[in-house]
Amino acid sequence: MRQSMVVRAERQSNLELMRIVLMLLIIAHHYVVNSGALALLPEGARSNALFLLVFGMWGKAAINAFVLVTGYFMCTSRLTWVKVLRLWLQTKFYRLTIFLIFAAVGYEILSISGLLHVLFNLAENVGNGFTSSFFVFYLFIPFLNKLISALDRLELDRLLALLLAVFVGTVTLFESRAFNEVCWYVVLYLLAARIRLYPSRLTESRFATKVFFWASVALSVLSVIFLGLEGLDRADPVLAYYFIIDSSKLMAFLSGLSCFLFFKNLSMPRNAFVNSVASTTYGVLLIHASSSAMRQFLWGDLLDVTGAFSLPLPALVLHALCSVVGVFAVCSLIDYVRLTLLERPLFAWIGAHRVDIESSCLRAGERLGGLLGRLARF
């Protein structure tokens, strides 16, 4: 039976725990690919190289799971201007704050053009960067929900089969250029809606989803190790990531989907601490991956990942784990302070004055429309 298209989304601690795990995996991915360590792998110890390849392989799969959980909840919710404003303000707050701090200490060049770029350019990497692509995708949610409500289960299945054939099949087998982040997030959104609105024995079975999860993890690791050995011999370590280098590549897709299903069916009581930490995960992403200057500061100067690559394997493993957990903890704490001191008071005020704000915006829109109409007559 199809569920109601509009219900209140509750924070489920099993999926909130998944958000925390996914962000740790994304930080691990950045530890390897944003630090410059990937280029050094053919020159170092084989054991160190294989460890880093596996350690940093989960970034795209984690993004897939993030978008799936967004679709799972938002397909039965309404996207309001308040939600869009919250996402936009959070993004701009960190981009501007980090830019100004780095300009003060010499990691960025302070200029009017640079400041304007930070303030007004949110679409710079649309289609090829998560933050901007996700924001643009987010704006399509009301229209996607209307599309979903207009399709029956069979029509939705046929649409998904076609989309997955194009985005997963052709991109994996033929290296086609069909992949685009915004479009791919739309596909994942539709898939999550299919799982939410039309539950099946396969997606609801704990046993089946556990088997699917561990099988996809094992196959992904084996593909990275097998191709990684060949890639290291060719001095082309990126070859190891062939099946996971784009979010729509086969193993990135299957790993992300299986992770989402695994945690969705995980039995876990509500945990206030987990939910609180999980509420900071997007902030963690915005902070630690905010800019090229942040990448240089964090992975190059502060943690010296390329220098750690020459350490013995146990020391490298310890360095990698401590770095990832440390980055997550510090960034999570920063975002928790922002949430407590800035966002929650601001949006509590907005909630109390929402009707007045909407009325003012409506009147301003009517005046603007009238002005444009008069100008058009001239």
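Positions are given from 1 along the sequence. Computed from heavy atoms alone, side chains included, the values below leave out hydrogens, waters and symmetry copies.
In this structure, L316 and A308 approach most closely via the heavy-atom pair CD1-O, 3.5 Å. Closest approach of S290 to M294, counting heavy atoms only: OG-CB, 3.4 Å.
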- Worked check of side-chain contact (heavy atoms from CB on, under 4.5 Å) between L254 and L219: CA-CA 10 Å; L254 292 179; L219 288 174; over 6 Å; no
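Judged as a side-chain hydrogen bond (donor to acceptor under 3.5 Å, both in side chains), and not counting sequence neighbours, the contacts of Y107 are D301. Not a single salt bridge (Lys or Arg N to Asp or Glu O under 4.0 Å) links K60 to another residue, sequence neighbours left out. For D304, the salt bridge (Lys or Arg N to Asp or Glu O under 4.0 Å) criterion is met by no residue, not counting sequence neighbours.
Remark: aromatic rings of F134 and Y138 are close, center separation under 6.0 Å. Ring centroids of F253 and W184 are separated by less than 6.0 Å, placing the two rings close together.
No donor-acceptor distance shorter than 3.5 angstrom exists from the side chain of N64 to the backbone of L257, with no hydrogens or angles considered. Judged by distance alone, the side chain of R196 and the main-chain N or O of Y72 form a donor-acceptor pair under 3.5 Å.
Judged purely by distance below 3.5 Å, without hydrogens or angles, the side chains of H29 and Y241 never pair a donor atom with an acceptor atom. In this structure, a donor-acceptor pair under 3.5 Å is absent between the side chains of N180 and Y185. A donor-acceptor contact under 3.5 angstrom links the side chains of D335 and Y94, judged on distance only.
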Result block: side-chain N/O donor-acceptor pairs under 3.5 angstrom for residues 156-171, not counting sequence neighbours:
from: D157; atom 1: OD1; to: R194; atom 2: NE; distance (Å): 2.5
from: D157; atom 1: OD2; to: R194; atom 2: NH2; distance (Å): 3.4
from: T170; atom 1: OG1; to: V166; atom 2: O; distance (Å): 2.2
from: T170; atom 1: OG1; to: S176; atom 2: OG; distance (Å): 2.9

Side-chain polar contacts of residues 42-55 - donor-acceptor pairs under 3.5 angstrom, sequence neighbours left out - could you list them?
from: R46; atom 1: NH2; to: D233; atom 2: OD1; distance (Å): 3.2
from: N48; atom 1: ND2; to: F309; atom 2: O; distance (Å): 2.9
from: N48; atom 1: ND2; to: L311; atom 2: O; distance (Å): 2.8

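Counting only residues at least two apart or in different chains, side-chain hydrogen bond (donor to acceptor under 3.5 Å, both in side chains) contacts with residues 211-224 comprise S216-S258, S220-S255.
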